[in-house]
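Note: hydrogens, waters and symmetry copies are ignored here, and every other heavy atom, side chains too, is used. In each ligand, atom 1 is the first atom listed, and ligand 1 is the first ligand listed. Heads up: numbering here begins at 1 and tracks the sequence.
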Amino acid sequence: MKKCPYCFETVEDHPPKCPHCAQFLLDEPIEVDYSGIDKKKCFFCGKKVLKEAKVCKFCHQWLDQVDHGASDFDQI
Ligand SMILES: [Zn+2]
Ligand SMILES: [Zn+2]
């Protein structure tokens, strides 16, 4: 089973764009053999997405950007 590396939804073969999260699939879809039961809430739309997802398949926001603090910018 192949999954989108961004939203972790199942995709067929290697579409140019993920039909779920609308991200361009620059990398190959990843092989995952688990069904992804764990869910988390999207910070932006509040809908449930897969725990591993980096992009919300509903509102297409990047979920992992929220975790990065602004502290990186201070170290230049
Ligand atoms: Zn996707
Ligand atoms: Zn969302």
Residue pair K57 / Y6, side-chain heavy-atom distance below 4.5 Å: no
K40, NZ atom: more than 12 neighbouring heavy atoms under 6.0 Å: yes
C56 near the Zn ion (ligand 2) via N/O/S, less than 2.8 Å: yes
C18 SG and C7 SG subtending at the Zn ion (ligand 1) (10° steps): 110°
4.5 Å side-chain heavy-atom contact, E31 and K2: yes
Name every donor-acceptor pair, under 3.5 Å, that has one atom in a side chain of residues 13-26 and the other anywhere in the protein, sequence neighbours excluded.
unit_1, atom_1, unit_2, atom_2, d
H14, ND1, E28, OE2, 3.3
H14, NE2, L25, O, 3.1
H14, NE2, D27, O, 3.4
H20, NE2, T10, O, 2.8

Heteroatom N/O/S of C21 within less than 2.8 Å of the Zn ion (ligand 1): yes
Apex the Zn ion (ligand 2) - arms SG from C59 and SG from C45 - angle rounded to 10°: 120°
